[in-house]
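What follows is a set of notes on a single structure, which appears directly below.
Not measured: the values here are computed from a predicted model. Below, chains carry the letters A, B, ... as their sequence lines are ordered, and counting in each starts from 1. Every heavy atom of this structure was used, including side-chain atoms; hydrogens, water molecules and symmetry mates were not.
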Amino acid sequence: MKPLDPRLVRAASAVRLHLAVTAVCGVGVTALVLAQAWLLAHVIAGATAGSGLADLSWAVTAVAAVAVARAALAYGSEAAALRSAANAKSQLRRRLIAHVTGTTEAPARSHGAGGPGPVWLSGQTRPDETGTSTPRAGELATLTTRGLDALDDYFARYLPQLVLAVLVPIAVLVVVVRADWISAVVIGLTLPLIPVFMALVGWHTQARTQRQWGLLNRLGGHFLDVVEGLPTLAVFRRAKAQAAIIRRITDEHRAATMGTLRVAFLSAFVLELLATLAVALVAVEVGLRLMYGQLDFETALLVLILAPEAYLPLREVGARFHASMEGVAAAEQVFTVLEEQADTGVPSTASTEAQRVASLPDGPLQVRLEDVGLTYPDREFPALSGISLVVGPQHRLLLNGPSGSGKSSLLTLLLRFAEPTQGAIWVERPDGSHPALLSEVDVQRWRERIAWVPQHPYLFDDTVLDNIRLGAPAANTARVRRAAELAEAHDFITALPEGYGTRLGERGARLSAGQRQRIALARAFLRDAPLVLLDEPTAHLDPDNAAAVRTGVARLLQGRAGIIVAHDHGWADLVDETLHIDAGRTGAVA
Amino acid sequence: MSRLTTEPLWRMVALARPRGARFALGVLLGALATASGVGLLATAAWLLATAATHPPITALSVAVVATRALGVSRGVTRYLERLVTHDAAFRTLADVRVRVYERLARTEPIRRFRSGDLVSRLVNDTDATQDLLVRGLTPPLVSFLVGAAVVGLSTALLVPGGLLLATGLLLAGLAVPLVAAALGKGPGARQAAARGELSSSLVDTLYGAPDLVAYGAMDQAVRRVKRADGELTRIARRDAALLGFGAGASALVAGLTVWATLLLGVAAVEDGTLGPIPMAVLVLTALAAFEVVAPLPAVAARLGSVRASGARLFDVLDTESAIGGTDSAEILPEGDLALKVRDLRMRYGTDEPWALDGIDLDLEPGRRIAVLGPSGAGKSTLASVLLRFRDPDGGTVELGGTAITAYPADEIRRAISGVPQDPHVFASTLRENLRLARPGCTDEELWSVLERVRLAEDVRAMPSGLDTEVGSHGTRLSGGMRHRLALARALLSAPRILVLDEPTTHLDPETRDVVLADLLDAARGCATLLITHDLTGLSEMDRIYVIVAGRVVQQGSHAELLGTEGWYRRAHGLASR
């Protein structure tokens, strides 16, 4: 990890400004440190030589002025650094969000062009995973908020000290070499030793920590594991016996950690020892030369006061290194995400401006899949292969098959969250004329023709009203209410404390799974699109909720084309055709 | 209790009392280290000022030796201090963890753990004691000790100088950090609110990405994130002006104290009340003295969050046990026991609605019953009563004719055990995960139970067999395997009544049917209570209780219930269509 990541400087203009301000402040602080030392030495030596307050009054006053100036500079640079940090974090956050959502800083045209894509974000690329846990999104949310906040320390405390760690020792050496060259040699020799020793110790520690990391991690996580598993332990009457194990494991953890710390603290030890010892050596050397009359008192005092100042910024840098490196690590993670292109998730939905945009034929349309296959980039086996089917206007199709058979991947293709890796999807008039490749059609206009009800619809921490009109923000209350009635959602919505104005809480926590499904159905009704895609609409629902959702789905399919993906045959009476799909291939109608 | 004994910070410190000697040693070493730094400059000042009078070398020899010794001692004592305090803090952590754990095990383990976030927060709070002891307790004590010594030295040289330094140190070490921490509270709260909105808009945008893109609403969502980001950035920039206070004020106090000391010193030398040599020592001591209080602003800034951690921690430690019978020594009779539940009522607080509102239920030895109902009907609350995580709020639960609350919880769990809701798989080996249900059992017994739950073949296929590490939460196993493992544990514990709380939840339908069938097969002959919300495997049960909104709305065998109009038939008719 570098102390200053060039990508950070390049990425955020706020960082460049901050570096300039920090450098100027650094020069100011260095000048004031020298001035204070010289003034103190001058006044003390003068008073010792018999000068009174009257003779020294200008220098004494100057000491106060330097003190005020240093305080002002300290306040100003800290406040400026925190402002810069706020700006830089905002710039990084905006770039990250623009990148992962596929929007650009300028008003967006086509989503998913270049960015990793929505399915990658929500973790739904893994067709065999039915769980709702989506680590990518969670990690990103943490990274962009708390993770980047660690940059505050980096900007406000670490970088300024880093600048001082370069400026102050050089300035001190320049002054001391003219006053007393032997002291300058002592300081000049010990200063470079500090970074060298620290690097050596740090390197050794890192190797050692890495070897121990697995052990430390396992022992460190044990307590959390046991507390989480307490109900299970209680059921098997093992709860009491675990107390002794917790003590033993925590003690093992202590022993292992102390082993690492004994080495890790060595780096601070070397720093502290060299810095203090050098000051002591300088003091003794200057004192002896002063005694033999080779040096005057004022010069000797100047050297003594300046010597510790040469080491102070280095010590501060050392003390703040670890805390501030958390910020750098967070920034590095941001850059890693920014440099990740579509190859991490699904194939790029590559309709960039450079590509030809085919126009959608007018009027009713049919979708024709021709030998379509899809292989996710990190997968060996295709999720879908050799799929050929036609969905005409108002044609309703049931796709069933075991979980993991690729049913949902087909919807992913139709939504253009991914592009086929084999074959082609055509959009054409019902008589087969005017075919256009789906991958060349304007993606926004295509998606406007689709209403999608996913297996786990996502509800936002917003009102019921705004959740339903997700795809039609301008819809009035009457239309939303009508859509909710059709989706069998109106009754439970009016029973909520504030009806349609009720906020649903994080991820719609206020509602049951069946109610969330019906809100998603209402969204689809309001969308009023000619093609409906339904993914396992009643899986995991209890009978009462399933019945309500089923009624809503039956209504939604009237007069529209639709594809229902389900693992069972419970939908056969609602559709015109049933296709069985297994291991990514269509089979005979089951 | 007095305010002092309820203050979370004091109580956290009190937790460290058994390790008091180690902490005292740490404070002593820390004081030596800090004092070495100040002492070095003071001694060197004396050395120079004396050398300037050109005395014989012998007059300086003690100062020369002292200067060199102080040059070495600071680094050494600082290193030792760090090791000693960290070691003591880790030892205290072990004490605190055990205390927290024992309290949790004795009180109700279920309610607090409905959310995984709460668990990890509690664990973090426990670990915060370590932080308080290393970074919050030792530095102020060290500052106080060394500060007093330095003020003493200055007072001995010149009384007003000592008073001045004392004032400066108190301002820089106490007033400035406290004011800075108080000033930081406003921005902290303001920014936390803005950060919350940013975080929630981010979570919505990232998790809801597919829905947003499919409905063309992504631009709108990104605009919301940018608005939240803009607001947070605006607040943070404005607050920067407040948060710079600490740094500026510390520098001002230190600089002006040195200036005033210089003024006093020079004046005292002029009017002859102070010699030039002590004057040099006085001024340079003041210059070095502010190192003593340098760590304190960070301590003050940290105390707030540590205090909040402590308050949450003691909230857990002060919780009364939620179950009775803990003092009882009653032993359950051997042999088969009948379970009889009468008018059972449960709720999660005096203002809450009844989660169970008068349940009657019987389970005879060797019989199998199911409790069926939609989610939220109160089924799992029933399981938590039977497994002795909670006591009934009304009605009775009798085992073999005696109320279960008359026995110690573990005695009941000897008879009633099984698969709790969301059974935990520990980050250990398969063998350890199994053996916790029956410590000391042989590998043959393990393999035989693995055969019964049809996991043996999968385990044999693993390179390390029973020694396979399953990973945190068993993530290296498939969902079906985790459920089979939980069931194997339940069978190993060989209870007289097997309680299965949603044993196949989160599984996909095909796996669910197979696992449940294997499960019921393996548990044949054992009195079984199956809690479920889906309709699989119910034809095998002797009796089915349908619970809706905390009440039994229907009961009977599968055939009887199918023949009667009601919830069960409606549910079935639908699923088989």
Within the 4.5 Å heavy-atom criterion, are B:Asp410 and A:Lys240 side-chain neighbours or not? yes
When only pairs under 4.5 Å are counted, which of A:Ala69, A:Gly229, A:Ala79, A:Gly471 shares the most heavy-atom pairs with chain B? A:Gly229
Is chain A contacted by the side chain of B:Thr126, its backbone, both, or neither, given a heavy-atom distance below 4.5 Å? side chain
Tell me, side chain or backbone of A:Arg262 under 4.5 Å from chain B's heavy atoms, or both, or neither? both
Which atom pair, heavy atoms only, marks the closest approach of B:Gln220 to A:Leu470? OE1-O, 4.2 Å
Contact part of A:Val282 toward chain B, heavy-atom cut-off under 4.5 Å: side chain, backbone, both or neither? neither
When the 4.5 angstrom heavy-atom criterion is applied to B:Pro55 and chain A, the contacting part is both
Ring centers of B:His86, A:Phe265 separated by less than 6.0 Å: yes
Measure distances from B:Leu40 to the heavy atoms of chain A and classify the residue's part below 4.5 Å as side chain, backbone, both or neither. side chain
Okay, A:Gln36 and chain B: the region with an atom under 4.5 Å from a heavy atom over there is side chain
Per-residue tally against chain B (heavy atom, under 4.5 Å) across A:Val235, A:Val63, A:Val270, A:Ile305 peaks at A:Val235
Contact winner vs chain B - A:Ala47, A:Ala239, A:Gly46, A:Gly287, heavy-atom pairs under 4.5 Å: A:Ala239
Checking heavy atoms, do the side chain of B:Ile57, its backbone, both or neither come under 4.5 Å from chain A? both
Rounded at 0.5 Å granularity, tell me how far CG in A:Asp462 sits from OG in B:Ser201. 11.0 Å
Part of B:Val76 lying under 4.5 Å from any heavy atom of chain A: both
Side-chain contact test, heavy atoms from C-beta onward, threshold under 4.5 Å: evaluate it for A:Arg237 versus B:Ser417 and give yes or no. no
Using a 4.5 angstrom heavy-atom cutoff, name the option from B:Asn124, B:Leu70, B:Leu284, B:Val269 with the most pairs to chain A. B:Leu284
Given a strict heavy-atom distance threshold of 4.5 Å, which part of A:Pro457 is in contact with chain B: side chain, backbone, both, or neither? both
What part of A:Asp149 is in contact with chain B, defined as an atom under 4.5 angstrom from a non-hydrogen atom: side chain, backbone, both or neither? side chain
From the list A:Val226, A:Thr61, A:Val66, A:Leu274, the residue making the most non-hydrogen contacts under 4.5 Å with chain B is A:Val226
Can we say A:Asp251 and B:Arg91 salt-bridge, meaning some charged N sits less than 4.0 Å from an Asp/Glu carboxylate O? no
For each of A:Gly50, A:Ala64, A:Ala283, tally heavy-atom pairs with chain B at distances under 4.5 Å, and name the one with the top tally. A:Ala64
Supply the atom-to-atom distance B:Phe90 CZ to A:Leu261 CG, rounded to the nearest 0.5 angstrom. 6.0 Å
Among B:Val225, B:Asp219, B:Thr205, B:Val213, which one satisfies side-chain contact (heavy atoms from CB on, under 4.5 Å) with A:Thr101? B:Thr205
For the candidates A:Glu448, A:His253, A:Gln242, A:Met258, which exhibits the highest count of non-hydrogen atom pairs separated by less than 4.5 Å from chain B? A:Met258
Under 4.5 Å heavy-atom distance to chain A, tell me which part of B:Val203 shows up: side chain, backbone, both or neither. both
Under 4.5 Å to a heavy atom of chain A? For B:Leu243 that would be both
A:Arg83 CZ to B:Arg237 CZ distance, which is reported to the nearest 0.5 Å: 4.5 Å
Would you please say whether a donor-acceptor pair under 3.5 Å links the side chains of A:Asp225 and B:His473? no
Evaluate side-chain contact (heavy atoms from CB on, under 4.5 Å) for B:Phe426 paired with A:Leu233, printing each intermediate quantity in order. CA-CA 10 Å; B:Phe426 293 88; A:Leu233 290 169; 3.5 Å; yes
Tell me, side chain or backbone of A:Ala451 under 4.5 Å from chain B's heavy atoms, or both, or neither? both
Region of B:Arg82 that comes under 4.5 Å of a non-hydrogen atom in chain A: both
Check whether any side-chain heavy atom of B:Pro210 lies under 4.5 Å from a side-chain heavy atom of A:Tyr458, and answer yes or no. no
Are the side chains of B:Val100 and A:Val227 in contact, using a 4.5 Å heavy-atom criterion? no
Check whether A:Arg248 gets within reach of chain B through its side chain, its backbone, both or neither, counting any heavy atom under 4.5 Å. neither
Interface check, chain A: of B:Pro276, B:Gly255, B:Ser199, B:Ala51, most non-hydrogen pairs under 4.5 Å belong to B:Ala51
Winner by heavy-atom pair count (cut-off under 4.5 Å) against chain A, out of B:Leu202, B:Val98, B:Val72, B:Asp204: B:Asp204
Heavy-atom distance under 4.5 Å to chain A: side chain of B:Arg489, backbone, both or neither? both
To the nearest 0.5 Å, what is the distance between OG1 (A:Thr250) and CG (B:Asp127)? 9.0 Å
Name the region of B:Val64, side chain, backbone, both or neither, that has any atom closer than 4.5 Å to a heavy atom of chain A. both
Look at B:Leu252, B:Val266, B:Leu83 and state which one has the largest set of heavy-atom pairs under 4.5 Å with chain A. B:Leu83
Heavy-atom proximity to chain B below 4.5 Å, by part of A:Leu73: neither
Interchain contact, B:Leu436 with chain A, by part (heavy-atom threshold 4.5 Å): both
Could you look at A:His222 and say if it's the side chain, the backbone, both or neither that has a heavy atom under 4.5 Å from chain B? neither
B:Ala49, part contacting chain A, at a heavy-atom distance under 4.5 Å: both
If I measure from the heavy atoms of chain A, does B:Arg414 come under 4.5 Å with its side chain, its backbone, both, or neither? both
Applying a strict 4.5 Å limit to non-hydrogen atoms, the region of A:Leu53 in contact with chain B is both
Measuring heavy-atom distances to chain B, does A:Leu39 have an atom under 4.5 Å in its side chain, in its backbone, in both, or in neither? neither
Nearest 0.5 Å please: distance from the CD atom of A:Glu272 over to the OG atom of B:Ser73. 10.0 Å
Are there more than 12 heavy atoms of other residues, nucleotides or ligands under 6.0 Å from atom CZ of A:Arg247? yes
Contacting moiety of A:Leu56, where chain B heavy atoms sit under 4.5 Å: side chain
Greatest number of non-hydrogen atom pairs under 4.5 angstrom with chain A, of B:Leu387, B:Leu47, B:Leu262, falls to B:Leu262
For B:Asp239, is it the side chain, the backbone, both or neither that has a heavy atom under 4.5 Å from a heavy atom of chain A? neither
side-chain contact (heavy atoms from CB on, under 4.5 Å), that's the test. Do B:Leu232 and A:Arg93 meet it? Break it down for me. CA-CA 12 Å; B:Leu232 174 63; A:Arg93 265 198 293 264; 3.7 Å; yes
Select, from B:Pro420, B:Ala427, B:Ala214, the one with the greatest count of heavy-atom pairs under 4.5 Å involving chain A. B:Ala214
Does the pair A:Lys89/B:Asp229 count as a salt bridge with the N-to-O cut at 4.0 Å? no
Heavy-atom side-chain proximity of B:Leu212 to A:Phe460 below 4.5 angstrom: yes
